[in-house]
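Bear in mind that the values here come from a model prediction, so they are computed numbers and not experimental data. Chain letters run A, B, ... following the sequence lines, proteins first, then strands; residues in each count from 1.
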Number of protein chains: 2
Amino acid sequence: MKRNSRLSSTLHILVHMAEAPERALTSEQLATFIHTNPVVVRRTIAGLREAGIVSSSRGHGGGWQLGRAPEEISLAEISVALGETLLPFSTEPESPGCLVEQAVIAVLDDFRLEAERLLAEKLSHITLADLTADFRRRYDLIGVSSHAL
Amino acid sequence: MKRNSRLSSTLHILVHMAEAPERALTSEQLATFIHTNPVVVRRTIAGLREAGIVSSSRGHGGGWQLGRAPEEISLAEISVALGETLLPFSTEPESPGCLVEQAVIAVLDDFRLEAERLLAEKLSHITLADLTADFRRRYDLIGVSSHAL
DNA sequence: GCTATTTGTAACTAACTAAGTTACATGAAA
DNA sequence: TTTCATGTAACTTAGTTAGTTACAAATAGC
């Protein structure tokens, strides 16, 4: 799992969970999908559990399942649950009292506020169901997935 | 200079340059504004020079000046010249051939394309002149800047 | 020309972040 | 009660970026 690929890796995992709704997938299995470690998976999607996007169960036959229908899970929620920032730049004051910095931060924060609203709005209209539909389309065309579902 | 504050730090520097159009400011001076090292400044704004946003001159009386009027310098250009990414997440394939990943990346890239277009559009309407105007407003109200211009 | 000043840049160091790993307690099913 | 799975803490490793040192190259003023 590369740096900065937490969102796409998580989506990858979630699509697999959506495609196997009848059974729980273990972190071990999920980890192999995204070529990483089970502990990294658990750590990464722990926030999704708290958000009700997935549920986990321990012990024999345990693992991870979606917490609700793919249609009801938006990328906006997932992104928030992962603790991802949509915009990368920081606007924390480094010279409190400097009017130049205050002006810069004010303008930048205005932009950030508006931009984040816009991005969140866009992401809220993309659901996990859209992803699985896209996957199904590709699957029906080519007829095989690289790691058997 | 903190991590992820390259954009705001650079804007800070540029506003100072805009406020002193008659003379060149040395990297030494610019560095004190953002509490960092002259070499870091030179390295950070080297890209702005290549983009014509600033110009630099060596030797006695040398230093940095804006390459054109503040009205003609947009945050979009600055952001690009700094090599900043507007969206932080990666969509590079880690499992080439995996249809699930392909679907995820396709949807995410669609979103990214649209989002970047939108953000760039917004940033292109904010100019350095807007920042200096905001600074002037604050300055006229309070009457003093923390580090003398 | 010589000197002082300033950028340009390479090379290295330090600090920070995030992934990867190990280890083990906790809980649940067979 | 054994086995399997998550939950989580603690540590290690890798990668990134800021900070630093050093010095060559260019320019202005004398």
Side-chain angles (χ1 to χ4, degrees), chain A residues 1-10 12-13 17 20 23-67 81-85 88-90 92 94-95, chain B residues 1-10 12-13 17 20 23-67 81-85 88-90 92 94-95:
Chain A
M1 181 177 173
K2 291 200 197 99
R3 214 183 170 90
N4 279 350
S5 68
R6 272 172 63 198
L7 180 56
S8 58
S9 293
T10 300
H12 188 157
I13 280 176
M17 285 167 54
R23 70 182 194 280
L25 299 177
T26 67
S27 352
E28 187 86 38
Q29 294 173 300
L30 298 176
T32 64
F33 292 145
I34 58 172
H35 303 117
T36 185
N37 189 293
V39 178
V40 173
V41 168
R42 295 202 279 268
R43 202 155 58 194
T44 302
I45 62 179
L48 303 194
R49 182 185 50 230
E50 278 142 42
I53 296 169
V54 298
S55 68
S56 63
S57 53
R58 296 171 152 189
H60 224 112
W64 301 81
Q65 281 178 296
L66 291 186
L82 285 173
E84 299 278 83
T85 48
F89 59 85
S90 137
E92 275 179 40
E94 297 179 39
S95 318
Chain B
M1 183 174 170
K2 289 199 199 101
R3 214 183 172 91
N4 278 351
S5 68
R6 271 172 64 197
L7 180 56
S8 59
S9 292
T10 300
H12 188 157
I13 280 175
M17 286 166 54
R23 70 181 195 281
L25 300 177
T26 67
S27 353
E28 185 86 38
Q29 294 173 300
L30 297 176
T32 63
F33 292 145
I34 59 171
H35 302 118
T36 185
N37 189 293
V39 178
V40 173
V41 169
R42 294 201 279 269
R43 204 156 55 194
T44 303
I45 63 179
L48 303 195
R49 182 183 51 230
E50 279 142 42
I53 295 169
V54 298
S55 68
S56 63
S57 53
R58 295 171 154 190
H60 222 112
W64 301 81
Q65 281 177 295
L66 291 186
L82 285 174
E84 299 277 84
T85 49
F89 60 84
S90 138
E92 275 178 39
E94 297 178 41
S95 317

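Rounded to an integer number of Å, the gap from A/Arg23 CZ to D/dA5 P is 13 Å. In this structure, the CG atom of A/Asn4 is 14 Å from the C1' atom of D/dT17, given to the nearest Å. Separating the CG atom of A/Leu48 from the C1' atom of D/dG7 is a distance of 15 Å, rounded to the nearest angstrom. Atom CD1 of B/Ile45 is separated from atom P of D/dA18 by 14 Å (rounded to the nearest Å). For the pair A/Leu7 CG and C/dA18 P, the interatomic distance rounds to 15 Å; values are reported in whole Å. Atoms CZ (B/Arg6) and C1' (D/dT17) sit 9 Å apart, rounded to a whole Å. Put simply, CZ on B/Phe89 is 19 Å from C1' on C/dA18, counting in whole angstrom units. In this entry the distance linking CD of A/Gln65 with P of D/dA5 reads 14 Å, nearest Å.
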Open item on the list: For a quick check, with a 4.0 angstrom heavy-atom cut-off, what is the B/S/- contact string for nucleotides 20-30 of chain C, read 5' to 3'?
Closed with: BBBB--BBBS-

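Contact record, A/Gln29 with A/Leu25: OE1-CA, 3.3 Å, taken as the closest heavy-atom pair. Annotation for A/Trp64 and A/Met17: closest pair C-CE, 3.9 Å, computed over non-hydrogen atoms. What you find for A/Pro38 and A/Ala31 is that their closest heavy atoms are N-CB, 3.6 Å.
With sequence neighbours excluded, the residues forming a salt bridge (charged side-chain N to carboxylate O under 4.0 Å, His left out) with A/Arg6 are A/Glu84, listed by chain and number.
Panel note: side chain B/Ser9, backbone B/Ser5; a donor-acceptor pair is recorded below 3.5 Å. Judged purely by atom type and a 3.5 angstrom limit, A/Thr85 has no side-chain atom pairing as donor or acceptor with the backbone of A/Pro88.
Of the listed nucleotides (D/dT6, D/dT16, C/dT7), D/dT6 has the atom at the smallest distance from the side chain of A/Arg49.
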Residues 44-56 of chain B, side-chain donor-acceptor partners within the protein, below 3.5 Å, at least two apart:
from: B/Thr44; atom 1: OG1; to: B/Val40; atom 2: O; distance (Å): 2.6

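In terms of phosphate contacts, B/Ser56 brings no side-chain nitrogen or oxygen within less than 4.0 Å of OP1 or OP2 of C/dT7.
Comparing A/Pro38 and A/Arg3 by the nucleotide of DNA chain D whose heavy atom lies nearest to each, the residue mapping closer to the 5' end is A/Pro38.
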